[in-house]
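As structure tokens, the structure follows; a few thoughts come after it.
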Amino acid sequence: MTTAPPAEAPKTASLLSPSPTSVPRPEAPAAPPVRPVPLAVSGLLAAALTAYVWSAHGAKPGVLLLLGLALGVALFHSRFGFTSAWRQLVAVGNGTGLRAHTLLLSTTATLFALLIGTKTGLFGSVPAPSAGPLGLGLLIGSFLFAVGMQLGGACASGTLFAVGAGQTSIVLTLGGFIGGATLAAWQFDLWKDLPSLEPVVMADHIGWFGSWAVTILVLAAIVLVSRRVQARRNPPPIGPVPSARGAAARVLRGSWPLAVGALALAVLGAGVLLVSGGAWGVTSAFSLWGSELVRALGGHPESWSWWQQPGNKEMLAGPVLADKTSLTDIGIMIGAAVAAALGGTWTLHRGVPWRTATAAVLGGVLMGIGARLAGGCNIGAYLAGIASGSLHGWVWGAFALLGTWAGLKVRPFFGLGNPKPGDGVC
């Protein structure tokens, strides 16, 4: 009588090993040749604008523009996004992008705690945490923002680097984003009195070390849960992007691992805090740009209640190229253009289908309105809020996940697909 060999105990994957996917990730295709004309144009624009800002407005705005250029390079090379990461998580359970978020958040939280806790700043600035009220505007705004980014195809930071890379449909998203943010500023009186509670910053109660420790523990728990969910659902892998061969060439022309992108963005985001005293943000500049356009067309945005608020009034009165958020936003677009041209992928896409174009504009409008109601976007509220130990950042993220689920339900009406378990990549 033959005895069957004992069944092997299931192997437990190391915490640092990749989470399982239904099929191996395909090899990245080779990067196309360098695009010399876009590279020359974007490189000259970066140099000329930096020289102008530095001479006209001083070293501080000049450094902020340089930080924006570097953010654009890092965002493009790592293809670091929030829209696709949440779509992959909700649709098929692939938590790779979410775990990259936790690395970005934990590293940023560490640097923020060091800078804010020691009051270390440059150019006379004193770093301050990003805190937002807990209210109905936060819940509605973050939900709308997430629905919008699934329709528009990009988040706030993703919109900027995709526009820099020449993606035509995302230019429509940016236009809608600016329009929505301007509309919400114009109609500030309609939503400014929504019920809310005062901001809650953990450092005010348990100190900066305690705030940092709690943040790291929660992020570690998210990593463990996302790995377990991915192991159970066994999703398709994330699709590769073109990359140059060789370590040195990959730095300049290839795709960076998400972990490298997360670390680079954390350091650069902390640099914005160090230089300006405030966290990296994106969407306040869109309200400013739209309002300046209204003024150029004969309107009077300075009479709007939004621009009478402390801080906002000074922003509208000052030069756009001296505004912190405008400088980093413009820098991201130009930096991404340089990176995309070096990587050979810069191109203008023609013939955007009408349903895609409609979704892009509508998604941008929802993101603009949502960001204003919620007090920020995936950068100014989610990243900066959590890194600052502010409870509103966690609430933003939770309701953005709900909005992502809703956005996935709406995408097919505009001819936009969602990842499926049987796909080769997601």
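Hydrogens, waters and symmetry mates are skipped; everything else that's a heavy atom, side chains included, is used. It should be emphasised that the depicted structure is a prediction, and the values quoted were computed from it without experimental measurement.
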Are [X] and [Y] linked by a side-chain donor-acceptor pair shorter than 3.5 Å?
X      : Y      : answer
Arg99  : Ser19  : yes
Ser390 : Ser388 : no
Ser287 : Trp306 : no

Contact summary for [X] and [Y], nearest pair of heavy atoms:
X      : Y      : result
Ala384 : Ala279 : CB-CB, 3.6 Å
Leu273 : Ala128 : CD1-O, 3.8 Å
Ser226 : Val223 : OG-O, 2.9 Å
Ser305 : Asp189 : OG-OD1, 2.9 Å
Gly393 : Ile386 : C-CG1, 3.5 Å
Arg245 : Ala28  : NH2-O, 3.0 Å

Pairs of donor and acceptor atoms involving the side chains of residues 359-375, under 3.5 Å and at least two apart or interchain, shall be tabulated with distances.
residue	atom	partner	partner atom	Å
Arg372	NH1	Thr283	O	3.2

Counting only pairs under 3.5 Å, give me each side-chain donor-acceptor contact of residues 331-339, with atom names and distances, residues two or more places apart or in other chains.
none

When you compare the side chain of [Y] with that of [X], does any pair of heavy atoms fall below 4.5 Å?
X     : Y      : value
Leu89 : Leu401 : yes
Val23 : Pro237 : yes
Leu98 : Gln88  : no
Pro32 : Pro242 : yes

What residues form a side-chain hydrogen bond (donor to acceptor under 3.5 Å, both in side chains) with [X], not counting sequence neighbours?
X      : answer
Trp304 : none
Ser284 : Thr325
Ser303 : none
Asn312 : none

Report task. Show your reasoning for whether side chain to side chain contact (heavy atoms under 4.5 Å, CB included) applies to Asn94 and Arg233. Result -> CA-CA 8 Å; Asn94 191 321; Arg233 296 185 65 178; over 6 Å; no
Report task. Using side-chain contact (heavy atoms from CB on, under 4.5 Å) as the criterion, list what pairs up with Val320, not counting sequence neighbours. Result -> Leu288, Trp289, Glu292, Ser326
Would you say [X]'s side chain and [Y]'s backbone share a donor-acceptor pair under 3.5 angstrom?
X      : Y      : value
Arg35  : Trp346 : yes
Asn378 : Ala156 : yes
Arg87  : Pro419 : no
Thr107 : Leu104 : no
Gln230 : Thr21  : no
Trp186 : Pro301 : no
Ser130 : Gly278 : no
Arg25  : Gly239 : yes
Arg250 : Ser255 : yes
Ser211 : Gly207 : no

Let me have the donor-acceptor pairs involving side chains of residues 51-65, under 3.5 Å, with sequence neighbours excluded, atom names and distances please.
residue	atom	partner	partner atom	Å
Ser55	OG	Ala51	O	3.0
Ser55	OG	Tyr52	O	3.0

Query raised in the report: Just how far is it from atom CG of Leu342 to atom CG of Leu39, taken to the nearest 0.5 Å?
Result: 5.0 Å
Query raised in the report: Checking side chain to side chain contact (heavy atoms under 4.5 Å, CB included) for the pair Leu105/Thr215: CA distance, chi angles, key distance, verdict?
Result: CA-CA 9 Å; Leu105 288 162; Thr215 300; 6.0 Å; no
Check: residues 194-203 side-chain donor-acceptor pairs under 3.5 Å, at least two apart:
none

Requested in this report: With side chain to side chain contact (heavy atoms under 4.5 Å, CB included) as the test, would you mind laying out the steps for Thr83 and Gln150 before giving the verdict?
Outcome: CA-CA 6 Å; Thr83 305; Gln150 293 304 329; 3.6 Å; yes
Query - Phe145, Tyr382, Phe399 screened by ring pair (Phe, Tyr, Trp, His ring centres under 6.0 Å) with Trp86, the one that passes - result: Tyr382
[X] atom [atom1]: more than 12 heavy-atom contacts under 6.0 Å:
X      : atom1 : answer
Trp394 : CH2   : yes
Glu314 : CD    : yes
Lys192 : NZ    : yes
Arg295 : CZ    : yes

**Report entry** Residues Leu103, Leu258; criterion side chain to side chain contact (heavy atoms under 4.5 Å, CB included); working and verdict
**Finding:** CA-CA 9 Å; Leu103 179 59; Leu258 281 174; over 6 Å; no
Query raised in the report: If you look only at pairs with a residue in residues 201-244, which of them pass as a ring-ring contact (aromatic ring centres under 6.0 Å, His included), with sequence neighbours excluded?
Result: Phe209-Trp212
Requested in this report: Write out all pairs satisfying ring-ring contact (aromatic ring centres under 6.0 Å, His included) with one or both partners inside residues 236-280, taking only residues at least two apart or from two chains.
Outcome: His77-Trp256
Query raised in the report: In this structure, which one of Leu71, Leu265, Val282 forms a side-chain contact (heavy atoms from CB on, under 4.5 Å) with Ile379?
Result: Val282
Requested in this report: Please list, chain by chain and in numerical order, all residues satisfying ring pair (Phe, Tyr, Trp, His ring centres under 6.0 Å) with Phe80, sequence neighbours excluded.
Outcome: Phe82, His101
